[in-house]
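Okay, so here's the structure we're looking at.
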Amino acid sequence: VDQNFIEQFTSSSNDSQVGTIPANQGPATSNTVHQIIFGQEDITSSNVKIDATGKVTWLTPGTYYITQEYYLGGTNAANIMFTLFRTYDGTNQIGPTHIHKGVVQSTNDLHRIVINQMIDITNDQVNSYHVYQMIRDSGGSANDGTLYKVTNNNTWTATPNAQLTISKLI
């Protein structure tokens, strides 16, 4: 039996219909959790939905493929960014912690972070939710590490600071 992953939605911080999505987003200080905002509410799928705060709710059981994409940058050259990303269900972390540690070369030097996850949602998990979070670990220097939207110097669409794509195995 052939099966394919079918995209349920893509939500990005570029969504012009959401005025509350900042061009830059991240924790206020080191060791403070920041819930990542992706885009406007999307309830078009009968399998999964996302609200404007970045909360993903699972509507049907199945296998889902999740791609998180971020553009992470710092503010001062030579600072060390030590940034952690996780998926959280309100009680527990889902899957591993993803770490990015790097030296800021300049304020325009952005690091593309891509996190792929495959999860199984059971009947018991229908109507449960996930959120996606980041934290600046105090093991870095100068409280540095923020998600930045990239404005291009042409007529192309800007690159979002955060984008989430969810597909379901059908």
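Residue indices begin at 1 and follow the sequence shown.
You'll find the side chain of Asn47 reaches within 4.5 Å of the side chain of Tyr64, heavy atoms only. Within the 4.5 Å cutoff, side-chain heavy atoms of Asn79 are placed close to those of Val104.
With values rounded to the nearest 0.5 angstrom, Arg136 atom CZ is found 13.0 Å from His100 atom NE2. Between the CD1 atom of Ile37 and the OG atom of Ser12 there is a distance of 12.5 Å, given to the nearest 0.5 Å. With values rounded to the nearest 0.5 angstrom, Leu110 atom CG is found 12.5 Å from Gln105 atom CD. For the atom pair CD1 (Ile36) and CZ (Phe38), the distance works out to 5.0 Å, reported to the nearest 0.5 Å. The CG atom of Asp42 lies 8.0 Å from the CD1 atom of Ile50; values are rounded to the nearest 0.5 Å. With rounding to the nearest 0.5 angstrom, the CD1 atom of Ile121 is 9.0 Å from the OG1 atom of Thr60.
The number of heavy atoms from other shown groups lying within 6.0 Å of CG (Asn154) is above 12.
Residue Asn161 comes nearest to Asn24 through the heavy atom pair ND2-N, 3.9 Å, listed as atom of the first residue, atom of the second, then distance. Between Leu72 and Met134, the shortest heavy-atom contact is CD1-CE, 4.3 Å. Val56 and Val48 get closest at one heavy-atom pair: CG1-CG2, 3.4 Å. Summarising the geometry of Thr87 relative to Gln68, their closest heavy-atom pair is OG1-NE2, 3.8 Å, with the distance given to 0.1 Å. When all heavy atoms are compared, the tightest approach of Gly145 to Pro27 is O-CD, 4.3 Å. In terms of heavy-atom proximity, Tyr65 sits nearest to Met118 at CD1-CE, 3.9 Å.
The hydrophobic cluster containing Val33 also contains Leu84, counting ILVMFWY residues as joined when their side-chain heavy atoms lie under 4.5 angstrom apart, directly or transitively. Residue Tyr71 is not grouped with residue Ile135 when hydrophobic side chains (ILVMFWY) are merged at heavy-atom distances under 4.5 angstrom, including chains of intermediate members. The hydrophobic cluster containing Tyr88 does not contain Phe85, counting ILVMFWY residues as joined when their side-chain heavy atoms lie under 4.5 angstrom apart, directly or transitively. Cluster annotation: Ile119 and Tyr132 are assigned to the same hydrophobic cluster (Ile/Leu/Val/Met/Phe/Trp/Tyr, side-chain heavy-atom contacts under 4.5 Å, transitive).
Between the Ser45 side chain and the Gln8 main chain, no donor and acceptor come within less than 3.5 Å of each other. No donor-acceptor pair under 3.5 Å is formed between the side chain of Glu69 and the backbone N or O of Arg112. Between the side chain of Asp51 and the main chain of Gly54, a donor-acceptor pair closer than 3.5 Å is present. Using modelled atom types, no side-chain atom of Thr57 and backbone atom of Tyr129 make a donor-acceptor pair closer than 3.5 Å.
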Go through the steps for His34 and Gln25 under the test side-chain hydrogen bond (donor to acceptor under 3.5 Å, both in side chains), then give the verdict. CA-CA 8 Å; His34 172 75; Gln25 61 174 312; 3.0 Å; yes
Assess the residue pair Leu59 and Asn127 against the criterion (side chain to side chain contact (heavy atoms under 4.5 Å, CB included)); give the C-alpha distance rounded to whole Å, side-chain angles, the decisive distance to 0.1 Å, and a yes or no. CA-CA 5 Å; Leu59 304 175; Asn127 294 317; 3.9 Å; yes
Determine, step by step, whether Thr83 and Tyr70 satisfy the side chain to side chain contact (heavy atoms under 4.5 Å, CB included) criterion, reporting the C-alpha distance in whole Å, the side-chain angles of both residues, the deciding distance to 0.1 Å, and the verdict. CA-CA 12 Å; Thr83 311; Tyr70 307 111; over 6 Å; no
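Checking Asp124 against Thr122 by side-chain atom types alone, no donor-acceptor pair falls below 3.5 Å.
Relative orientation of the His130 and Trp58 rings is perpendicular, given thresholds of 30° and 60° on the angle between their planes.
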Going by atom type alone, with no hydrogens or angles, which donor-acceptor pairs under 3.5 Å involve a side-chain atom of residues 163-170 and a protein atom two or more places apart or on another chain?
unit_1	atom_1	unit_2	atom_2	d
Thr165	OG1	Thr10	OG1	3.1
Lys168	NZ	Pro61	O	3.4

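Using a cut-off of 4.0 Å between Lys/Arg side-chain N and Asp/Glu carboxylate O, Lys49 and Glu41 are scored as not salt-bridged.
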